[in-house]
Structures are given as structure tokens and as C-alpha cells.
A.B. asks: 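Before we start, here is the structure in question, set down as C-alpha cells.
Positions are given from 1, in the same order as the sequence printed here. Numbering of ligands and ligand atoms starts at 1, following listing order.
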Amino acid sequence: MTRPTIDEETIAGVADVLRSGWLTSGPQVKTLEAKLSEYCGGRPVRVFNSGTCTMEIALRIAGVGPGHEVITTPLSWVATSNVVLEVGARPVFVDIDPVTRNLDLDRVEAAITPATRAIIPVDLAGLPVDRDRLYAIAKKHRLRVVEDAAQSFGSTWKGKRIGASGDFVSFSFHPNKNVTTIEGGALVVNDEREAVLAEQYRLQGVVKSGYDGMEVELVGGKFNLTDVAARVGLGQLPHLDEFNAKRRELARAYFELFAAPAVRALGLQLPVADFIQSNWHMFQVVLPEQRLTLKRADVMAQLHAAGIGTGVHYPAIHRFALYRRLGWKDGDFPLAEYTCRNILTLPLFPAMTRADVVRVVDTLAAILSAHRQS
Ligand SMILES: Cc1ncc(COP(=O)(O)O)c(C=O)c1O
């Protein structure tokens, strides 16, 4: 379904780091942070070993904890809401807009209570949530925003890069993302005070001074990125635009092929055709449940048998056992539930060719045609 592209220069660079004698956070991490900050219009950026701890740390910096509520979407990787539980707060899910598949901003204000402290919007598949409306709501209700931009590194909103404005912005560099550090993430913060806190939460709360000074004032974790991983990221960044251009081209090919009358008649729901702002992190279709005699798992198995990998991004969070125990139930967010039950991520990565896209669409169309409700 996806595959990272790592060039030889990066592989050689990693070998140099391995020979350098400095493996954990060091000069490569500093350089990566500087490059990411430059990319984000000069805002302070710190890197971490995941795009999960970044959000947890942002919530801690914002002072979100027990007794507080955080509004988010049920259609995301479970990390998005697990971090809310991790800091002792309660996620408040709001149903999705089935067209964008992102949090429905029309429903957010009704979910705000005196306990609400923050909103975590998710740019699913790289399609940005409307930042103007989001920040208008946040400003009106004095809420912090932790943008879960795990999937939208390289996306833009009205010509501005995601990360270059807003409140906290969290990126993931997991290998399935548009650029990778193997595992890793970055957090864009607002000022030096927040950057210092981010560093403390990243590594045991430690603040060093001089040769032998050390202080610990808060409970931090162990979330630092290694220099080996940072070097991978440094080798990836120069390719971001080229990778995303290729993703856009492949996404266009998907749209073109899905528009053929016989394929269109199958009734698949396609993503929003945004070739300006989205980084096309994923190409996801929603299967026409009512028109098929087979289940999504069977479609995936048949595609797999044809050598085509697919994925489910994601099951609805509130239906996981942990969340059921906390009180959520089926039917709470019907639009997200329908989409989550039928969504299918098709292969999309820079090393693919148009012929690969043709094969995916032809194979999927053949499977669906053979299993239509009569
Ligand atoms: C929407 C979303 N949020 C959060 C994460 C967490 O990122 P990581 O896997 O780097 O912890 C991911 C990545 O898988 C994601 O896709």
C-alpha cells in the first residue's frame, strides 16, 4: 500500500552518523529542527520519537489534564484520542463531514462545554481542515488547538504551509508518511517558553546548565529522536516537493480512471479532488456497502491475492473496547461509523507508476462488478 523512498545519499549519510561516535540526539537532531523551523516560517520546532508524544506534550504544555475535555474526530488513528486520555482528560468526539472525512466544524460549537480546553483536528489523508473556521471557533471560545497534522506535512491552507501558522502543530514521520525518520515526529510551538517546556517533557524534565548544572522541575518522558533517525529525515526533506508532486499525479490518475463510466457506475465514494492544498498522503475510497454482496475484508483479500496491498484508515475510535468501556456506543457518530466501515486505502506512494494505478483500478472494478447486488 505504501513504501518509503530512501536515496543512496541518505543511506551513506546514515552510515556516516553510525561511524561518527554520536548516535543519540545530537547535531543531526539540531540540524533537522533548524530545517523544519525554516520550513515552518521560522516558528520553533522540536523533534521527538513519534507523532503521538508530540500531541501529548502539546496538551501538557497547554495545561490540559483531569477534569478537562478535548474535542476531536472519531475517524483517526487512535493516537489522536489516546493522548487525551494519557493526560487524564476526556475526549469529546464530534461526527465527521462525510465528504472531507474530517471533523465537521459545523458540529464543534455544540460540543463545547465549560470543561473544554482544546480541539484536536486531523487532516485525514492530508486534506486540510478549514483553518479559518477552526481558528475562529478556537478564538471565540478561547480554546487551544493541537493540529494533528501527522498526515499533512507538505499540505497547505490558502497558500500557507501547514505548520507555518496556527497554534500547536504535530507532524509524524512514521515510514508510511510522505517523509520519514523511520519513527519520529515534530511539534511546532508558539514561542521559546513552549519550546523549553517541550524539551523538558521530551527528556525526563531535565534542564542542564554549564558543565555540571542539572535541574528537574516536571515529570518528563523519554521521547527524544536519535541522530540516526534525524539523518534519515534530513535526507528526506529535499525530496518533499518532488514526492508530493508524484503523489498528486498518481491521485489525478486515480480520478481519471475512476471517472470511466463503467467504473463510476460501481458507486464508490471518492475523496475530495483537491490538487492544490492536499499532499495526497493517502487515496481512500468508500465502498458502496448496500450495493455489494461481499464485505470490505473480502475485497481486501482479493486485492491482496492479486498482489495489491490496501489498508483501513481507520476503524472508528469510539467503537474500540477501551472507548466502549468509557461510555461510547454504536450509533453515537453514524457518519463516521459508515465511513469507517467502508473506507479503503488504495496504494499510493512516489515509486508507483501510472500502470500500477491502472492495475489497482481495473482489479478493484473487476472484484466489485462480480459482487454487485442484483
Ligand atoms: C492521524 C494520525 N495521528 C497520529 C499519528 C501518530 O503518529 P506516530 O505513529 O508517529 O506516533 C498518526 C500516524 O500514524 C496519524 O496518522
A.B. asks: Using heavy-atom distances, let me know which of T54, D148, V83, L75 sits nearest atom 4 (C) of ligand 1.
C.D. replies: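 Nearest heavy atom to atom 4 (C) of ligand 1 lies in D148.
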A.B. asks: Distance to 0.1 Å, residue and atom name: give those for the protein heavy atom nearest to atom 16 (O) of ligand 1.
C.D. replies: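 Looking only at protein heavy atoms, the one closest to atom 16 (O) of ligand 1 is Q151 NE2, 2.8 Å.
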A.B. asks: Which pairs would a plain distance check flag for residues 356-367, meaning a side-chain donor or acceptor within less than 3.5 Å of a matching protein atom at least two apart in sequence or in another chain?
C.D. replies:
unit_1: D356; atom_1: OD2; unit_2: T353; atom_2: N; d: 2.8
unit_1: D356; atom_1: OD2; unit_2: T353; atom_2: OG1; d: 3.2
unit_1: R359; atom_1: NH1; unit_2: A306; atom_2: O; d: 2.9
unit_1: T363; atom_1: OG1; unit_2: R359; atom_2: O; d: 2.5

A.B. asks: Tell me which protein heavy atom sits closest to atom 11 (O) of ligand 1, plus the residue, atom name and distance to 0.1 Å.
C.D. replies: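 So the nearest neighbour among protein heavy atoms is T52 OG1, 2.5 Å.
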A.B. asks: Using the rule salt bridge (Lys or Arg N to Asp or Glu O under 4.0 Å), only one of R60, R144, R43 pairs with E194; which is it?
C.D. replies: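 For E194, the salt bridge (Lys or Arg N to Asp or Glu O under 4.0 Å) test succeeds with only one of R60, R144, R43, which is R144.
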A.B. asks: Which of parallel (below 30°), tilted (30 to 60°) and perpendicular (above 60°) describes H318 and F93?
C.D. replies: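 Ring orientation, 0 to 90° scale: tilted.
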A.B. asks: Could you tell me which atoms of ligand 1, counted from 1 in the order shown, lie closer than 4.0 angstrom to a heavy atom of T80?
C.D. replies: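 It comes down to these atoms of ligand 1: 3 (N).
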A.B. asks: With heavy atoms only and a cut-off of under 4.0 Å, state how Y314 meets ligand 1: side chain, backbone, both or neither.
C.D. replies: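 For Y314, only side-chain atoms sit under 4.0 Å from ligand 1.
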A.B. asks: May I ask you to list the atoms of ligand 1 that are less than 4.0 angstrom from any heavy atom of M55?
C.D. replies: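 Answer, ordered by atom number: 4 (C).
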A.B. asks: What's the shortest heavy-atom distance between M55 and T80, and which atoms?
C.D. replies: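 Scanning both residues completely, I find the closest heavy atoms to be CE-CA, 3.9 Å.
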A.B. asks: Starting from atom 5 (C) of ligand 1, which protein heavy atom do you reach first, and at what distance in Å?
C.D. replies: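 Checked against all protein heavy atoms, atom 5 (C) of ligand 1 sits closest to W77 CD1, 3.6 Å.
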A.B. asks: In ligand 1, which numbered atoms sit nearer than 4.0 Å to a non-hydrogen atom of V122?
C.D. replies: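 So the atoms of ligand 1 that pass are 1 (C).
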A.B. asks: Is there a nitrogen or oxygen of G51 sitting under 3.5 Å from a nitrogen or oxygen of ligand 1?
C.D. replies: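 Yes, since at least one N or O of G51 sits under 3.5 Å from an N or O of ligand 1.
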A.B. asks: Can a donor-acceptor pair be found between the side chains of N224 and K222 at a distance below 3.5 Å?
C.D. replies: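 There is such a pair (donor and acceptor under 3.5 Å, judged by atom type) between the side chains of N224 and K222.
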A.B. asks: Would K177 count as a polar contact of ligand 1, with the cut-off being nitrogen or oxygen pairs under 3.5 Å?
C.D. replies: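 The answer is yes, given that K177 and ligand 1 share an N or O pair closer than 3.5 Å.
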A.B. asks: Looking at side-chain heavy atoms only, is the closest gap between L335 and L75 below 4.5 Å?
C.D. replies: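 Contact flag for L335/L75 side chains = no.
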A.B. asks: Could you check atom 15 (C) of ligand 1 against the protein and tell me its nearest heavy-atom contact, residue, atom and distance included?
C.D. replies: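 Result: A150 CB, 3.4 Å.
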A.B. asks: Spell out, yes or no, whether M352 and F275 are grouped together once hydrophobic residues are joined by side-chain heavy atoms under 4.5 Å, including indirect joins.
C.D. replies: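 Yes, one cluster joins them.
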A.B. asks: If the cut-off is 4.0 Å to any non-hydrogen atom of S50, which atoms of ligand 1 fall inside it?
C.D. replies: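 So the answer, numbered in order with elements, is 10 (O), 11 (O).
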A.B. asks: G184 heavy atoms, cut-off 4.0 Å: which ligand 1 atoms fall inside?
C.D. replies: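 Selected atoms, number and element: 10 (O).
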A.B. asks: Is there any N or O on S76 that sits under 3.5 Å from an N or O of ligand 1?
C.D. replies: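 No, no N or O pair falls under 3.5 Å.
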A.B. asks: With sequence neighbours excluded, what pairs up with A230 under the side-chain contact (heavy atoms from CB on, under 4.5 Å) test?
C.D. replies: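 For A230 the side-chain contact (heavy atoms from CB on, under 4.5 Å) partners, ignoring immediate neighbours, are Q28, V29, L32, L225.
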A.B. asks: Once the angle between the rings of F153 and Y39 is folded into 0 to 90°, is it parallel (under 30°), tilted (30 to 60°) or perpendicular (over 60°)?
C.D. replies: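 Tilted: the ring planes of F153 and Y39 meet at 30° to 60°.
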